[in-house]
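Structure record follows, encoded as structure tokens.
Note that the numbering runs from 1 along the sequence shown for the chain. As the structure lists them, so they are numbered: ligands from 1, and atoms in each ligand from 1.
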Amino acid sequence: MPIHKPLAAALLLATSLSAAAQSRQETLLTTDWKFSKGDQPNGAKPEFNDAKWQTVRVPHDWAITGPFNGQNDAQVVKIEQNGEKEATLKSGRTGGLPFVGVGWYRRTLAVPTLGKNGQAILLFDGAMSNARVFVNGKEAMFWPYGYNSFSVDITPFLRASGTNTLAVRLENQPESSRWYPGAGLYRNVHLITTKGAHVPVWGTYLTTPEVSTSAAKVKLKTQVVAAGAKGLTLQTNLRDASGRVVASATTPVTGAEVEQDFTVASPRLWSPETPTMYTAESKLLAGSAVQDTYKTPFGIRTFKFEKGKGFSLNGQPRKFKGVCNHHDLGPLGTAVNVAALRHQLVLLKGMGCDAIRTSHNMPAPELMTLCDELGFMVMVESFDEWKAPKVKNGYSQYFDQWVEKDLTNMVHRDRNHPSAIMWSIGNEVPDQSTPEGPAIAKRLQDIVHREDPTRPVTMGMDRYDDDFKYGIAAVLDIPGFNYKPHRYADAITKLPQGFLLGSETASTVSSRGVYKFPVELAKNKQYPDNQSSSYDLEYCPWSQIPDIEFAAQDDLPFTLGEFVWTGFDYLGEPTPYDEKWPSHSSYFGIIDLAGQPKDRYYLYRARWNPSQPTVHLLPHWTWPGREGQVTPVFCYTNGTSAELFVNGKSQGRQTKAGTGATDPQTRYRLEWKDVVYQPGSLKVVAYDAQGKAIGTEEVRTAGKPDHIRLVADHSRLAANGEDLAYVTARVEDAQGNLCPEATNQLHFTVSGAGKFRAIGNGDATNLEPFQQPQMHAFQGQLVAIVQASNAAGAVQVKATAPGLKDGITQLTTSK
Ligand code: GAL
């Protein structure tokens, strides 16, 4: 077909413009990977025949498919930081999954013609672990720490023509972790090529040295690799969230770094409540020819940590309402998925959470971007060990040689994120108890300050007496204490900083929907079924129930807030059942491993989310056999008082105790301790301080299981092959009441524009695989994760079980 001339010219122009502008090409290496578990002596060689290897998509976690087995990484160890005095056999400590050993990944690399000044870089967001990167048979890079991002210039290893072979060997040692670390290329791998002058990886550093409501000063430092080019200029536009240019600068490039200063009038400030983003869009020009383009998303905000005043963001005092999270995504394992991270953050947001601690390692870059966008302040953490080991083959073996490189990469990658609010140089490192500890802390803190003078440094300290005896507590910008609310009042008299952070708090244990009697506060409580009670009164020898931290935070003005251990349950560390297989995932989560809130979610929500009423009752009210027995009832509410009714009969009104109360529980929970169980209705009406009703909740005794009800967290998905819906299946009686003890095995079929991806029920003892479309309900519920395809259309999700009516729900995917 003849092309109309002006159109052809326009097309040509557009093509040549974009060719010039696209001297940079960035490709995510997701497909066409071959994978093999076990070592392969010739795995790096280009001629190696990998046809029989498994074809996988990266991000990929080789161990999450299991099977679970207590022998995987079984360890006879004494966990010193848990106060253990004797070594015992721990089987589920790292999740009972086969992550130990060697794995190989291979694929061909199609690299565009680079020319004489071109460069090809591989950027690994994280590779677990001891990554050896080979290009055309030659080792180009070794990076041991599996959580860090690193890049490698592969230009010298490329062939002049023809295809290139990329091979990556990974090796996880036994006893190298205190939790499930995942295995393999579990984060993205990027191929970045440039043809001449360019901005290198993480090549910009943007700060906002002065901010007021009328104007913000923005400083952008850009690294430039001239690659032989002369007469370069850097042209940068700052755009607001709607794309409008709000400030610009054009600066000649006279060295390896270009500094540009801008003023943004009436800036919209970033905060968890108003996560407003801007973007610095830079063009590197030789004359009028675009050599490279580079985007730096950023936010404008100020924060301060002040002696006697604590923390403020944009001038407003606030305390961190934070959670610590591990990096695994429950049933999906550690393979990063944006939709899964978003799902986690949305649940946390609903609870009123405003901060995340990436315990105890560098997060996926996607998490940082989501925290910018959704509004979370992040404590970006680096290490669980320094020189002194906690586990036999942990980071301590690399510390001397790698710590500076690891910290530098961490800071360079994340220092432009407004969400990044502080850096953590470590968690509970045993070096706290050595005379060298403070000097090491100072050295690491200085490295971080050198790379980013704008954010403070903290760490999680757990050895209170030693922290003062040897002096590490005084070194840190922000002293962070793990599980020490009872020492805060003493600590402040010794701390030059004048404030302190609950860097890790609570570690209360519970199993979703499981209630144990009698109801009592208990340390290290264990039951024959390996579950913990959801009355939220069970904790570890070193930890507390949430209320104790609440009281300390409320009563002591110098506290900066808290990071609860943990937001989500995670794979491994099944305390208090570390020695009791088949427990293999944690009980600490406010939300279970499958993404379902436990009762505690509402205890935190009542405190952290004042804008919405919370009225939550526990336990469930289906107790055949408990008729006539005392069955305590708790209400988690942000009301001040509430009246409880059993079958319409008042059980009295409870009111929260005031600040002076000696028992913190009475300040944060409403408790009816003497309720006698009768089947029927349990109902609560909550009131605010003025006596106005703010909400009600009713739980009814369930009859026998009748049907499955499916509830999707959202029903419209992006048709991008990655988006996820979390579909909760509830076993209900004929009236729609949850059958809270149901254990039916549910089977899923997903058809249309989506597929079944994974399943979980939140039971820390469950050995059923996450990848089969069936599982037993745990306490009446489970969650199936459905993945959108690349096609737009309808997705039917169906759950069946013998004796139950089917559950059906429909999702749609769109482009
Ligand atoms: C802390 C530690 C965490 C986790 C937690 C469990 O001491 O920092 O990683 O082990 O205990 O309570």
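Within the 4.0 Å heavy-atom cutoff, D462 does not count among the residues contacting ligand 1. Contact between W542 and ligand 1 is present, with at least one heavy atom of the residue lying under 4.0 Å from the ligand.
Close N/O approach between E504 and ligand 1 is found [any backbone or side-chain N/O within under 3.5 Å].
With respect to atom 6 (C) of ligand 1, the closest heavy atom belonging to the protein is F588 CZ, 3.4 Å. Looking only at protein heavy atoms, the nearest one to atom 9 (O) of ligand 1 is H360 NE2, 2.5 Å. The single protein non-hydrogen atom nearest to atom 10 (O) of ligand 1 is E573 OE2, 2.4 Å, given as residue, atom name and distance.
Interface of E428 with ligand 1, defined as ligand atoms under 4.0 Å from a residue heavy atom, comprises 1 (C), 2 (C), 7 (O), 8 (O). Within ligand 1, counting atoms from 1 as listed, the ones closer than 4.0 Å to a heavy atom of S507 are 6 (C), 12 (O).
No salt bridge links D354 with K349; every basic N to acidic carboxylate O contact stays at or beyond 4.0 Å. Residues R667 and D547 are not paired through a salt bridge, judged by the lack of any N-O separation under 4.0 Å between the basic side chain and the carboxylate. A salt bridge does not link D578 with R93: every distance from a Lys NZ or Arg NE/NH1/NH2 to an Asp or Glu carboxylate oxygen is 4.0 Å or more.
Annotation: H327 is in aromatic contact with Y147 [ring centroid separation under 6.0 Å].
With a 4.0 Å heavy-atom cut-off, ligand 1 is reached by the side chain of Y483 but not by its N, CA, C or O.
In this structure, OH on Y587 lies 6.0 Å from OG1 on T765, to the nearest 0.5 angstrom. We find the CD1-CD distance between I545 and Q665 to be 4.0 Å, quoted to the nearest 0.5 Å.
With hydrogens and angles left out, the side-chain atoms of N82 and E80 include no donor and acceptor closer than 3.5 Å.
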